[in-house]
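Everything below concerns the one structure shown next.
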Protein chains: 2
Amino acid sequence: MKKRTLINDVASHLQVSIATVSLVLNGKAKQSRISDAVAQRVLAYVEEVGYRPNQLAKSLRTGKTHVIGLVVEDISNPFFATVAWLIEKHAFERGYRIIYCSTDNDPTKTKELIAMFQERHVDGFAIVPSEGIEKEVGAILREHTPTVLFDRHLPGLPTNYVVVDGAQGTYAATEHLLEQGYRRIAFVTTDSAQTQMEDRLRGYTQALQEQNLPAQVKRVAVTKETEKVIAAIHDFIRDEAECDAIIFATNYLTIYGLEAIAQLGLRIPTDLALISYDDHDLFRLYTPGITAIAQPVESIAQNVIDILLEELQNPVDPTVAPSQQVLLPTKLIVRKSSIRQPEQPTM
Amino acid sequence: MKKRTLINDVASHLQVSIATVSLVLNGKAKQSRISDAVAQRVLAYVEEVGYRPNQLAKSLRTGKTHVIGLVVEDISNPFFATVAWLIEKHAFERGYRIIYCSTDNDPTKTKELIAMFQERHVDGFAIVPSEGIEKEVGAILREHTPTVLFDRHLPGLPTNYVVVDGAQGTYAATEHLLEQGYRRIAFVTTDSAQTQMEDRLRGYTQALQEQNLPAQVKRVAVTKETEKVIAAIHDFIRDEAECDAIIFATNYLTIYGLEAIAQLGLRIPTDLALISYDDHDLFRLYTPGITAIAQPVESIAQNVIDILLEELQNPVDPTVAPSQQVLLPTKLIVRKSSIRQPEQPTM
DNA sequence: ATGAAAGCGCTAACAT
DNA sequence: ATGTTAGCGCTTTCAT
């Protein structure tokens, strides 16, 4: 009933050896000088009965699974969802499968996931590293498993990585606000020291410094409790911030910020201008539209998979080969939330 | 360098046979009457060197992978993302891993994914079935692979499934609108004949019928081209609909609808009241808040995994065992979009 | 109580 | 040109 066809069945039916079947199936017929006639018969019969080699056995034998482990921060965040989907698409076209998991930025969970992927014998890794996992990533590298970090990287480690020039992004956004006449620009970010967050902060402070304007930075602790994050932003805007514009360092901070601003009854951009680092469907849809620093998702995915597959297909001595590091530009998408309105009477 | 510890290394170091090590590791020490002393030494040494059995070899030998294939429509839709995450969490706690993929409602892709999961020898399936895959699902069942469908089901097949009572949901939503005084209520749904969509439509028509009010149903073709869907809804509202309220049959239809309504410059709920089947973060955040028929995601996930693990752990003769079918209630979350406003002068 | 050995299904070096 | 066969690392029966 559950009898799957085995390579043995194919071979014995065709009166050839299993080696012949295996070689034909793996495209090594020519180099093993198997006659075209036999090769054709094998292919035809395999097609006919729908024989599929057992991947488990194949992997055990070859040591290759053709699976890439994709470790992202949060697969339900549209940014990661999109990049993951694109990576999956490109990988699929080139014969690789993806298995993915979310770390929720939790180092312990990240370590478990990496261990789990190693147990599953993934051929390579694409990782959005949470903080404090240098040791685990280092261990992967030492095993020579091809690996690419993206979105952020681990400064101490000589790894491949693909990141976005966040500093340039926030610099441009700050300049845009300055051009619009905003002078008191605040920056709301997370309490994490991840490289990409520091980059984003740096672009902002630099742009202000060049104009001798003061920076106002709020670091919000990101927890699972949405309400607390919203409250923190709410209180910052109400009590601390003396500002006419805010740049949020991630799309979800912006979303929380929108909620806080709605609670405070402030109008965008009349009372407060807004720019989000990282775009989101919602920002297009929101009234007014929210200006965003968009990341090149397609390009990120393409670079990650290219580097990974190159290493997978041409294993080089990693003690010699330099790692590849890619820095991609952002694009400012200007919507109404950052455009200064003509003076309106306060009602 | 890449030398992983093998069961052989453990056995020879301890001067026992690999069988002993294997038995101890699989908790069969007692029943094989292995002395506690030996068992302890094995455990201690395994811990010390961090030996992890090769899952590939183990799976090849046992025929079990402890992996469940999760096939959803679109993992970036918050509904599916949440359910997938919950299923993953519960499965993990019980020793199972999840691999997931999105079908985009494409039957061809769905078939490929199912085939791929079978190649990976998943122990069980949780599937959100797209239309026209009765044959494939039938084949899975015939192989006795434990399977649960959810969100919708395939009417012809005697499978386990976990679905939501959409008819009750839209019925309650329609009643709510009627109570608010809306009389011309339209229903925007997709062009698909999937069971859950038909259920949702049924609740709406029934509620109207009971009041002898006419139904206005618009079936929109869902394509990847967002703009077209928005345009279709836009044109419906502008040209066809003679309505003062709309129920959208999915959360993404609502989002497209919001965009169309914004383009038309209509005010919610003054010009048009709105209810969405399936909730979304955005609906909480939007001004005004969008009333939604919320699905019990936690309960869906719990039921799916419970049924699946039960079958996985107590294999029963499927020709005898009846399949399990679960129907869960929805909950109407009333926000401003469906609350009638006091009469306002048209400016 | 413990060990030897037969596979799980496949690949690929080596024979013929 | 094609067949034989030794593993990949593990589980489990059977013999001791």
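Computed from a prediction, not measured in an experiment: that's the story for all the values here. Per chain, numbering begins at 1; letters A, B, ... match sequence-line order.
Distances were taken from every side-chain heavy atom of B:Ile34 (C-beta onward) to each of C:dA13, C:dT2, D:dC10; the shortest belongs to C:dT2. Side chain of A:Ala19, nearest nucleotide from C:dA5, C:dA13, D:dC10: C:dA13.
One atom, CG of B:Asn8, and another, P of D:dG9, lie 9 Å apart when rounded to the nearest Å. Atom CG in B:Asn54 sits roughly 13 Å away from atom C1' in C:dC8 (whole-Å rounding). One can place CD of A:Gln55 at 19 Å from P of C:dC8, the figure rounded to the nearest angstrom. Between B:Leu25 atom CG and D:dT12 atom C1' there is a gap of 14 Å when expressed in whole angstrom units. Between the P atom of D:dT11 and the NE2 atom of B:His66 lies a distance of 11 Å, rounded to the nearest Å. The CG-C1' distance, from A:Asp36 to D:dT2, rounds to 15 Å in whole Å. The separation between B:Leu6 atom CG and D:dC8 atom C1' is 10 Å, rounded to whole Å. Distance, B:Leu60 CG to D:dT12 C1': 14 Å, rounded to whole Å.
B:Ile18 comes within 4.0 angstrom of a base, heavy atoms only. Residue-level contact check: B:Thr62 touches the backbone only, with heavy atoms under 4.0 Å from sugar-phosphate atoms and none from bases.
The side-chain heavy atoms of A:Val83 and A:Phe150, taken from C-beta on, include a pair separated by under 4.5 Å. Residues A:Thr147 and A:Glu311 are not in side-chain contact: their nearest non-hydrogen atoms beyond the backbone lie 4.5 Å or more apart. B:Gln55 places none of its side-chain heavy atoms less than 4.5 Å from the side chain of A:Gln118.
The nearest heavy atom of DNA chain C to B:Leu23 and to B:Ala57 marks one nucleotide each, and the one closer to the 5' end goes with B:Leu23. Remark on DNA chain D: of its neighbouring residues B:Arg33 and B:Leu56, the 5'-side contact belongs to B:Leu56, judged by nearest-heavy-atom nucleotide. Positionally, the nearest nucleotide of DNA chain D for B:Arg52 lies more toward the 5' end than for the other of B:Arg52 and B:Ser32. The residue among A:Lys28 and B:Val38 whose nearest nucleotide of DNA chain C is located toward the 5' end is B:Val38.
At D:dT12, none of the side-chain N or O atoms of B:Asn26 fall inside 4.0 Å of OP1 or OP2 (strictly under the cut-off). When the side-chain nitrogen and oxygen atoms of B:Thr20 are compared with OP1 and OP2 of C:dG3, one or more of them lie within a distance under 4.0 Å. The phosphate of D:dT2 (OP1 or OP2) has a side-chain N or O of A:Ser35 nearer than 4.0 angstrom. The phosphate of D:dG9 has neither OP1 nor OP2 within less than 4.0 Å of any side-chain N or O from B:Tyr51.
When all heavy atoms are compared, the tightest approach of B:Ile305 to B:His90 is CG2-CB, 3.7 Å.
Side-chain atoms of A:Arg61 and base atoms of C:dG9 include no donor and acceptor less than 3.5 Å apart.
Between A:His13 and A:Tyr45, the ring-plane angle classifies as parallel under the 30° and 60° cut-offs.
Counted by atom type alone, B:Gln324 and B:Asn160 present zero donor-acceptor pairs between their side chains at under 3.5 Å.
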